[in-house]
Amino acid sequence: MAWRLIEAGKFYDIAVDDNAQGWAVTDDGIVYSIDGANASAVARLGPKILGGRLRCIAVSQKRDIGYLGVKRKATRSSNMRLFSFDPADVSSTIAPVQEGANPHLGFCGLEMGNKSEVLAVGTYETRVEASQNIRVPAIVRSSSGNSWEELEVLQSPDKEYSLIDVTLDSDGFGLAVGGQKGIGQPMTPLILYTDDNGDSWKEISLASNSKFEGRYCWKIFPRREDEVMERTNKCMIGLARFNHPTTGGGVLVSKNWRRDNSRWAFKSIPHPARKSIGVFGVGFSLDSSDNFIRAWAGGDQNIYSSNDLSSWTPAIGTPKHANRFRVLKDGRIFFAARSGLYWHH
C-alpha cells in the first residue's frame with residue numbers, strides 16, 4: 001500500500017469528515033487544517049500556553065464548535081486543560097474552558113455526541129492519605145460548553161486508573177478505555193460501557209488471564225465520525241505495553257459490542273523481535289455484508305490483516321506509532337502518527 005506523508009510532526013489525533021476535510025493536532029500544540037492531501041497550520045499554541053501536551057481534538061457534526069484536550073500531571077488546584085474553538089476561525093477563537101465540575105483534569109480523549117454534546121476523558125491525582133496520591137479516572141460532559149458535569153466513575157484507594165479514549169454513538173451507546181493497576185501490580189486493560197448516553201458507566205470485566213498483564217487500552221475504532229459506526233457492532237481497541245519488557249500488545253475485538261459487551265477476543269500480533277507488538281491506533285474497513293476487508297494496527301510496527309484478523313502482515317513503507325486511524329466512506333484512509341500525518345487512497 002502506498003502511503004503519502006501530508007505533514008511531518010508528532011501527531012496524536014485527527015478529526016476529518018468523509019469529504020476529507022477537518023483538523024489534526026500535534027503533541028507540541030500545533031493545530032492543522034486538512035483539505036484532502038493538504039495540511040496547513042492554523043494555530044501554534046505550544047506547551048507553555050497549553051500547560052501540557054496536546055493529545056486530542058473533536059469537532060461537532062455541524063462544524064459549529066470544536067474542542068482540544070491537553071494531557072498534564074494534573075492536581076485539583078490546576079487549571080482545566082480543555083479548550084474550545086470555532087472551526088470557521090480556529091486561530092482567533094481558541095479559548096480555555098474555565099467552568100467545570102472540577103477544573104483539574106488532564107485530557108487524552110474527546111468525543112462529540114448529539115446536539116454538540118461533548119464527552120472528555122482523562123485522569124487527575126487526588127490525595128487519599130497524607131503521603132499517598134492516587135490516579136483517578138474522570139469523564140466530564142457538557143451540552144453547551146458553558147457548564148460541565150463530572151460523571152461518576154471508578155475510584156479505589158487500592159488502584160490507579162487512567163482513561164485514554166472515548167466513543168459514543170447516536171443511540172447513546174459508548175465506551176471509555178484506558179488502564180488500571182493495583183499497588184505493586186502490573187497494568188491491565190480498563191473498559192467502561194454506557195448505554196444511556198453517558199449518564200452511567202459500568203466496567204466490563206475481562207477474563208482474568210496473565211495475557212492482559214502489562215497492557216492497557218489506547219485507541220478505539222470506530223468512533224462517531226467513522227461511517228461504519230452506525231452500521232456495525234464490530235469494534236476494535238488497541239492494546240499498548242506499560243513498563244513490561246516481556247509483554248507485547250495486540251488488539252481487543254468485539255463483534256457485537258453494543259448488545260453483548262462482555263465478549264472481547266484478544267488477538268496477539270506477532271513481531272519478529274518480541275512476543276507481540278505494542279498497538280496504539282487501530283482501524284478497519286468492511287464490505288457490504290459487514291465482513292472485514294482489511295484492518296490496521298499501529299505501534300512499534302504498523303501492520304494490517306486482510307483475512308478476518310487471523311493473521312497480520314507488516315505494512316511496508318508506513319511509519320511506526322500510528323495513534324489514530326480514520327477510514328472514510330469512499331475508502332480513503334488517514335492516520336495521525338508520531339512521525340507525521342499520512343493518507344492513502
Side-chain angles (χ1 to χ4, degrees), residues 1-27 30-44 54-69 85-91 93-94 109-113 116 118 165 167 169-170 219-232 236 280-288 292-298 302 304 315 317-319 321-345:
M1 298 181 69
W3 295 87
R4 175 179 172 181
L5 174 65
I6 299 175
E7 186 72 31
K10 195 174 183 179
F11 284 83
Y12 265 80
D13 207 359
I14 182 173
V16 178
D17 63 21
D18 282 320
N19 295 316
Q21 296 181 330
W23 298 265
V25 295
T26 66
D27 174 78
I30 304 176
V31 182
Y32 285 87
S33 174
I34 301 169
D35 185 1
N38 300 303
S40 58
V42 292
R44 298 179 183 271
L54 186 52
R55 283 292 188 263
C56 50
I57 183 171
V59 181
S60 67
Q61 290 182 319
K62 294 181 179 179
R63 295 297 194 254
D64 57 352
I65 191 169
Y67 293 92
L68 303 171
F85 64 90
D86 180 350
D89 186 9
V90 177
S91 61
T93 60
I94 293 177
L110 287 164
E111 178 72 298
M112 299 295 299
S116 294
V118 60
D165 201 16
T167 189
D169 74 7
S170 59
K219 296 297 184 183
I220 308 168
F221 186 91
R223 298 177 73 245
R224 183 64 174 273
E225 62 185 2
D226 294 295
E227 181 264 341
V228 296
M229 167 65 90
E230 301 301 324
R231 68 179 181 90
T232 184
M236 185 184 296
F280 299 100
V282 290
F284 58 75
S285 57
L286 303 172
D287 63 20
S288 59
F292 286 111
I293 298 174
R294 181 164 289 193
W296 298 268
N302 289 346
Y304 72 92
T318 66
H321 301 133
N323 280 304
R324 177 79 73 192
F325 283 85
R326 174 76 173 93
V327 182
L328 307 192
K329 190 173 183 179
D330 63 5
R332 282 179 289 182
I333 306 162
F334 287 82
F335 73 80
R338 297 186 188 183
S339 59
L341 181 65
Y342 296 81
W343 86 309
H344 170 78
H345 189 192

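Note: hydrogens, waters and symmetry copies are ignored here, and every other heavy atom, side chains too, is used. Residue numbers run from 1 in the order of the sequence given.
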Asp17 side chain to Asn19 main-chain N or O, any donor-acceptor pair under 3.5 Å? yes

With sequence neighbours excluded, residues passing salt bridge (Lys or Arg N to Asp or Glu O under 4.0 Å) with Asp86: none

Worked verdict on Val228 versus Val327 for side chain to side chain contact (heavy atoms under 4.5 Å, CB included): CA-CA 9 Å; Val228 296; Val327 182; over 6 Å; no

Is it true that the side chains of Ser60 and Asp64 contain a donor and an acceptor less than 3.5 Å apart? yes

List for me each residue that meets side-chain hydrogen bond (donor to acceptor under 3.5 Å, both in side chains) alongside Arg63, sequence neighbours excluded, and say none if there are none. none

According to side-chain hydrogen bond (donor to acceptor under 3.5 Å, both in side chains), who are the partners of Arg55, at least two apart in sequence or on a separate chain? Asp27

Salt bridge (Lys or Arg N to Asp or Glu O under 4.0 Å) with Asp13: which residues, sequence neighbours excluded? Arg324

Might you point out which heavy atoms bring Gly109 and Cys56 nearest each other, and give the distance in Å? N-SG, 3.5 Å

So Trp23 and Val90, side chain to side chain contact (heavy atoms under 4.5 Å, CB included) or not? Walk me through it. CA-CA 10 Å; Trp23 298 265; Val90 177; 3.6 Å; yes

Full working for side chain to side chain contact (heavy atoms under 4.5 Å, CB included) between Met236 and Ile220: CA-CA 6 Å; Met236 185 184 296; Ile220 308 168; over 6 Å; no

Among all residues two or more places apart in sequence or in another chain, which pass the ring-ring contact (aromatic ring centres under 6.0 Å, His included) test with Phe284? Phe221, Phe292

Side chain proximity check, Met229 to Ser170, heavy atoms < 4.5 angstrom: no

Pair Lys219-Phe325, side chain to side chain contact (heavy atoms under 4.5 Å, CB included): steps then yes or no: CA-CA 9 Å; Lys219 296 297 184 183; Phe325 283 85; over 6 Å; no

NZ/NE/NH1/NH2 to OD/OE distance under 4.0 Å, Arg326 and Asp18: yes

With heavy-atom distances below 4.5 Å as the criterion, would you say the side chains of Tyr32 and Phe11 are in contact? yes

Listed by chain and number, what are the salt bridge (Lys or Arg N to Asp or Glu O under 4.0 Å) partners of Asp330, not counting sequence neighbours? Arg332

Taken to the nearest 0.5 Å, the spacing of Leu110 CG from Thr167 OG1 works out to 12.0 Å

Taking the side chain as every heavy atom from C-beta outward, state whether Ile94 and Leu68 have any atom pair closer than 4.5 Å. yes

Met112 vs Val59 side-chain heavy atoms within contact, under 4.5 Å: no

Would you give the length of the straight line joining atom CG of Leu341 to atom CG of Leu5, rounded to the nearest 0.5 angstrom? 8.0 Å

